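The structure displayed is predicted, hence computed values, not measured ones. Throughout, numbering of the chain's residues begins at 1 and tracks the sequence.
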Amino acid sequence: MSEEEPKECSRCGEVIRGRHVDAIGVRWHPWCLLCDDCGKPIFEDSFRSDGEVAAHASCLTAFRPRPCAKCGEDVEGWIVCAMDVIWHPHCFTCTICEKPIEKKHKVYDGNPVHRSCKPKHKGMRKKKKNSANVGKASSAKKPAKK
């Protein structure tokens, strides 16, 4: 064993002494490296990692494509996470004015609407205010929540 300084676990921040796992470019306690798919610790030697996420070899859904909620095409690159689903940024548009929604929005009848846009008809029912989270998609893909 080389004379290196003890490293901290990427998840808990505690110093690692003894057994450890090197994954996603950092060091982990074996019980702290969690599967991005099922959320359980990855104790076995067989797991998949693409440099950004790790999953049990048997958990493949973390690496399956995610479809856009509007167009149905696989989402890669920049994504919008809103209303518990994934969108391409150009697909996350206001139902009323059809312009892209970049931050805060309302939901009318299950559809995203700019906070400044008014419903087309009085029958549209308003739901809670929402925020869209925009980020870069990793090459590992998580399924949309249902």
Side-chain angles (χ1 to χ4, degrees), residues 1-96 98-117 119 124-146:
M1 189 165 177
S2 64
E3 294 277 331
E4 63 181 68
E5 289 187 35
K7 292 189 177 182
E8 293 179 354
C9 174
S10 181
R11 180 166 183 247
C12 71
E14 299 282 324
V15 173
I16 298 174
R17 301 189 194 288
R19 191 167 170 234
H20 64 274
V21 179
D22 290 313
I24 317 171
V26 291
R27 187 163 285 180
W28 310 76
H29 290 111
W31 55 90
C32 286
L33 177 60
L34 303 179
C35 176
D36 278 329
D37 187 34
C38 70
K40 295 179 182 174
I42 302 174
F43 288 112
E44 71 257 11
D45 293 332
S46 178
F47 67 93
R48 292 182 58 175
S49 175
D50 70 349
E52 293 183 34
V53 299
H56 293 105
S58 60
C59 289
L60 300 176
T61 58
F63 293 91
R64 289 186 187 143
R66 291 173 291 181
C68 173
K70 184 173 184 178
C71 72
E73 298 290 321
D74 289 348
V75 178
E76 307 227 14
W78 287 98
I79 64 171
V80 174
C81 298
M83 301 167 51
D84 295 325
V85 291
I86 306 297
W87 311 70
H88 291 107
H90 62 273
C91 288
F92 189 61
T93 57
C94 176
T95 303
I96 296 172
E98 299 181 3
K99 293 180 182 173
I101 298 174
E102 295 179 6
K103 294 200 186 242
K104 302 264 183 196
H105 65 281
K106 299 181 280 191
V107 177
Y108 281 97
D109 291 337
N111 298 304
V113 177
H114 282 117
R115 292 177 83 186
S116 59
C117 288
M124 289 183 86
R125 289 175 290 175
K126 181 179 175 183
K127 291 191 179 178
K128 64 182 179 179
K129 296 175 184 172
N130 293 292
S131 293
N133 297 318
V134 179
K136 186 82 167 163
S138 69
S139 60
K141 292 149 177 92
K142 291 185 180 178
K145 293 180 183 176
K146 294 184 180 183

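Here His20 pairs with nothing under the ring-ring contact (aromatic ring centres under 6.0 Å, His included) rule; sequence neighbours left out.
Side-chain atoms of Arg11 and His29, non-hydrogen and from C-beta on, never get closer than 4.5 Å to each other. At a threshold of 4.5 Å between non-hydrogen side-chain atoms, the residues His88 and Cys71 count as touching. With contacts defined as side-chain heavy-atom distances shorter than 4.5 Å, the pair Trp87/Pro112 qualifies.
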* To do: Tell me, with the steps shown, if Lys7 and Val26 meet side-chain contact (heavy atoms from CB on, under 4.5 Å).
  => CA-CA 9 Å; Lys7 292 189 177 182; Val26 291; over 6 Å; no
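Residues Asn111 and Thr95 come closest through the heavy atom pair CB-OG1, 3.0 Å. Minimum heavy-atom separation, Leu33 to Ala23: CD2-CB, 4.0 Å. Pro41 and Pro30 make their closest contact through CB-O, 4.3 Å (heavy atoms, listed as atom of the first residue, atom of the second, distance). Closest heavy-atom contact between His105 and Ala82: CE1-CB, 4.1 Å. Here the closest heavy-atom approach between residue Met83 and residue Gly110 is recorded as CE-O, 3.2 Å. Of all the heavy atoms in Phe92 and Val80, the pair that sits closest is CD2-CG1, 3.8 Å.
Here the CG-CZ distance, from Asp22 to Arg27, works out to 4.5 Å after rounding to the nearest 0.5 Å. Within the model, atoms CZ of Arg115 and SG of Cys94 stand 13.0 Å from one another, a figure rounded to the nearest 0.5 Å. Once rounded to the nearest 0.5 Å, the distance linking SG of Cys91 with CD1 of Ile101 reads 12.0 Å. Between the SG atom of Cys117 and the NZ atom of Lys106 there is a distance of 7.5 Å, given to the nearest 0.5 Å. The CD1 atom of Ile96 sits 7.0 Å away from the OH atom of Tyr108 when rounded to the nearest 0.5 Å. For the atom pair Cys32 SG and Ile42 CD1, the distance stands at 12.0 Å (nearest 0.5 Å).
Under the 3.5 Å distance criterion, the side-chain polar atoms of His114 are matched with a main-chain donor or acceptor of Pro100.
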